[in-house]
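Remember, it's a predicted structure, so these values are computed and weren't measured experimentally. These numbers come from the heavy atoms of this one structure, side chains and all, not from hydrogens, waters or symmetry mates. In what follows, every chain begins at residue 1, and chains take the letters A, B, ... in the order their sequences are listed.
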2 protein chains.
Amino acid sequence: MTEAPRRQPTLDEVAERAGVSRSAASRVLNNAPHVSPEKRRAVQRAIRELDYVPHTTARALATRQRGAVALVIAGEAPSIFADPFFARVIVGASAVLEEADLHLMLCLAAGDRSRRRLAELLRARGVDGVMLMAVRENDPVLRLVKETDVPVVFGGRPPGSEPPWYVDVDNVGGARHATEHLLACGRSRVGTICGPPDTQVGRARHRGYREAMILAGLRPVPAERGDFTEPGGVAAMAALLQRQPALDAVFAANDNMAAGALRALRGAGRAVPGDVAVVGFDDLDIARIADPPLTTVRQPIQALGSEMARMLVGLIAGEEPSSLILPTRLVARSST
Amino acid sequence: MTEAPRRQPTLDEVAERAGVSRSAASRVLNNAPHVSPEKRRAVQRAIRELDYVPHTTARALATRQRGAVALVIAGEAPSIFADPFFARVIVGASAVLEEADLHLMLCLAAGDRSRRRLAELLRARGVDGVMLMAVRENDPVLRLVKETDVPVVFGGRPPGSEPPWYVDVDNVGGARHATEHLLACGRSRVGTICGPPDTQVGRARHRGYREAMILAGLRPVPAERGDFTEPGGVAAMAALLQRQPALDAVFAANDNMAAGALRALRGAGRAVPGDVAVVGFDDLDIARIADPPLTTVRQPIQALGSEMARMLVGLIAGEEPSSLILPTRLVARSST
DNA sequence: GAGGGGTTTGGGAGCGCTCCCAAATGGTGG
DNA sequence: CCACCATTTGGGAGCGCTCCCAAACCCCTC
């Protein structure tokens with residue numbers, strides 16, 4: 001504000017100062033061949049002296065690539081993004097993107113207006129690629145990304161479709177392990193609090209539970225449905241207890257609901273893990289803080305982000321990566 | 001992938017189809033005056049028929065504005081972003097930005113490399129403005145934003161400096177209210193678990209506590225220092241109890257530490273709120289889930305985001321907004 | 001019917017970069 | 001010493017848009 005609004009120097013000015021042509025300067029900038037060592041040095045000096053920084057937008061226009069990718073959170077309301085899950089995905093992704101010198105745009109694409117903006121962003125080639133998460137069944141965003149010709153990597157699979165490129169977490173396997181763990185602890189009347197059935201995560205974790213039960217020769221208990229929130233977990237656990245009073249273990253499809261279950265069990269006078277063992281899923285902070293600390297299935301959230309980014313960078317570079325399912329790991333604590 | 005790689009139509013093509021000049025088409029696009037109604041209609045029809053979308057990058061180059069702003073999280077490690085706080089700021093900000101038709105870039109500017117990239121982004125005019133958060137004392141990022149000529153809005157104030165434009169939360173007032181609430185509950189031996197003193201938030205909340213004590217004619221108890229984490233809260237509470245066994249209330253500078261305090265108190269056999277009342281700060285999920293649910297100071301996180309965005313949009317438009325301190329609100333639950 | 005005001009209109013010159021291509025340069029072999 | 005090939009070099013034409021400006025146009029008024 002104090003100084004004159006001095007313009008940023010342009011490549012022409014660099015070239016002039018170095019006594020070479022703009023083309024030569026451009027070659028040095030992109031360290032392309034066909035520049036004599038002396039000229040190269042001269043240009044480098046000029047760049048340093050003028051404190052030159054290439055104008056990204058101009059470069060983007062000329063090369064037809066933007067140097068940025070978008071992370072799109074579909075969901076039904078922008079507030080879905082408040083889930084700490086996404087923040088950790090971003091931490092993972094941004095490290096990889098930084099390596100590839102790509103910037104990250106964040107689009108909370110809930111609602112018509114933001115979807116229209118996303119559509120424009122894609123059509124106008126505002127980004128070189130997209131990472132897409134929290135897509136629901138028949139989400140209108142699916143049409144948008146189908147029409148675009150920039151590469152799209154999904155995080156998780158939307159229910160009812162198998163995108164060409166995705167990174168997902170082994171929800172089925174994780175849920176199966178969690179249930180098997182309960183069985184291995186000597187429990188046999190294992191119930192489950194499942195997630196909303198219109199989410200792929202909800203479905204997959206429920207399936208893992210059923211698989212484990214059937215494999216063990218037990219009859220799956222009808223699931224009580226939660227909404228991935230703690231209060232939802234309280235309500236579901238209460239209902240489950242009423243329906244199956246003899247329950248000796250519960251697999252909850254995420255930690256929030258497991259924490260709710262803990263609270264409901266305490267309210268009902270059942271000891272954990274004495275009377276009822278509880279396993280959650282996610283291994284968020286709440287699992288460690290819960291009382292008793294929750295045994296849970298840790299999913300590699302940050303790795304999900306970094307792998308998505310890696311895959312996208314590969315696609316942009318013209319490679320043909322293959323989709324990925326990341327393993328989960330059971331973390332045993334005192335709730336079992 | 002199935003279709004030919006048909007190029008997006010350009011404005012020239014629109015103009016040609018509408019039988020007008022490129023200039024006229026451009027005017028219609030930006031609905032500028034000096035276009036006859038018929039031509040306007042013709043252009044609009046051509047746009048619709050060709051499914052034309054203006055090329056953002058070209059426009060950016062011509063107008064010298066990018067149509068995007070950056071949210072920069074300074075911090076010392078990228079993982080600071082995993083704090084759910086930022087996610088809610090983003091939810092607030094992105095709604096306002098969407099209204100202003102600005103895109104959001106996210107920069108986790110910890111470490112030299114990412115700071116260099118940020119510097120380039122600013123110098124190369126990759127964004128029209130910046131929202132800046134989690135800046136530490138003497139953070140190198142301060143120099144970067146001082147040198148840039150795009151507007152910068154701070155979220156919170158970095159310790160030791162008063163930025164020209166900021167949105168902050170009334171941490172002092174909130175902490176004072178929290179402490180006064182404890183006093184109003186009939187407590188008098190009120191201790192505090194404070195945050196790291198090199199954060200503005202830590203300092204401000206500690207100050208609010210001291211103000212309330214002094215105003216009430218009481219001697220502030222020397223604070224026990226935590227690090228804003230739950231385990232940190234456990235340790236601090238244990239230390240505090242040892243030092244001040246007669247304590248009957250604690251103000252913790254955030255909910256995580258308050259939850260830790262709860263756990264430590266339970267471990268020490270003190271009833272909450274019977275023996276010791278506890279107040280936290282933030283009103284995150286954990287406050288509601290804690291046992292007993294925490295009385296806490298709610299800060300308007302989403303509003304922080306939206307107000308930052310609003311201020312930035314104003315600055316970009318050439319206005320001269322004034323900085324803002326958002327009020328907090330005490331939420332009474334069962335820990336007091 | 002010529003002169004004057006205002007409003008359209010379209011050509012052209014950018015914005016700052018990349019990249020193609022033709023010309024210049026330099027080193028080699030016959 | 002010249003022809004010939006491989007490099008290096010710089011001019012110029014984009015990329016797709018905005019915006020200035022001069023020319024064209026329209027409608028009055030005198």
Side-chain angles (χ1 to χ4, degrees), chain A residues 5-43 46-47 50-68 101 120-126 128, chain B residues 5-44 46-47 50-68 101 120-128:
Chain A
R6 43 122 220 272
R7 252 179 47 275
Q8 291 288 336
T10 72
L11 190 54
D12 283 282
E13 286 160 28
V14 170
E16 188 179 9
R17 180 177 192 110
V20 304
S21 72
R22 180 168 25 90
S23 312
S26 171
R27 277 181 215 114
V28 173
L29 206 57
N30 303 293
N31 46 63
H34 306 308
V35 186
S36 67
E38 313 92 78
K39 297 221 165 186
R40 192 176 292 272
R41 264 195 303 279
V43 171
I47 288 178
L50 292 175
D51 197 14
Y52 168 79
V53 174
H55 194 294
T56 342
T57 310
R59 181 179 286 189
L61 183 60
T63 59
R64 331 188 104 266
Q65 26 187 13
R66 270 293 292 102
D101 234 316
E120 279 179 24
L121 187 70
L122 295 178
R123 303 274 322 275
R125 290 221 151 250
D128 297 330
Chain B
R6 43 122 221 272
R7 251 179 46 275
Q8 292 287 336
T10 73
L11 190 55
D12 283 283
E13 284 160 27
V14 170
E16 189 180 5
R17 179 175 193 111
V20 303
S21 73
R22 180 167 24 87
S23 313
S26 172
R27 277 179 216 116
V28 173
L29 206 56
N30 303 293
N31 47 67
H34 306 307
V35 186
S36 67
E38 313 91 77
K39 296 220 165 186
R40 192 175 292 274
R41 264 195 303 280
V43 171
Q44 278 157 348
I47 288 178
L50 291 175
D51 199 14
Y52 168 78
V53 174
H55 194 294
T56 341
T57 310
R59 180 178 289 189
L61 182 60
T63 59
R64 330 188 105 263
Q65 26 188 11
R66 269 295 290 103
D101 233 316
E120 280 180 24
L121 187 69
L122 296 178
R123 302 272 323 276
R125 291 221 151 248
V127 289
D128 296 329

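The salt bridge (charged side-chain N to carboxylate O under 4.0 Å, His left out) check on B:E13 picks up B:R7, with sequence neighbours excluded. Scored by the side-chain hydrogen bond (donor to acceptor under 3.5 Å, both in side chains) test, A:D51 finds B:R123 as partners (sequence neighbours excluded).
Taking all atoms of both residues into account, the shortest heavy-atom contact from B:V127 to B:L122 is CG2-CD2, 4.1 Å. Residues B:A15 and B:A25 approach most closely at CB-CB, 4.0 Å, considering heavy atoms. Contact detail for A:A46 and A:A18: the closest heavy-atom pair is CB-CB, 4.0 Å.
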*Along nucleotides 15-21 of chain C, 5' to 3', which nucleotides get a B, which get an S, and which get a -, given that the test is a protein heavy-atom distance under 4.0 Å?*
BBBBBB-
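Pairs passing the salt bridge (Lys or Arg N to Asp or Glu O under 4.0 Å) check and including a residue from residues 16-44 of chain B, sequence neighbours excluded, read B:D12-B:R22, B:R17-B:E49. Sorted by first and then second residue, the side chain to side chain donor-acceptor pair (under 3.5 Å) pairs with a member in residues 53-67 of chain B form an empty list; sequence neighbours excluded.
The CG atom of B:L29 lies 12.5 Å from the OG atom of B:S23; values are rounded to the nearest 0.5 Å.
A:K39 has its NZ atom 10 Å from the P atom of C:dT25, to the nearest Å.
For the helix from C:dG1-D:dC30 to C:dG30-D:dC1, the end axes, each set by the C1' atoms of five terminal pairs, are bent relative to each other by 70° (nearest 10°).
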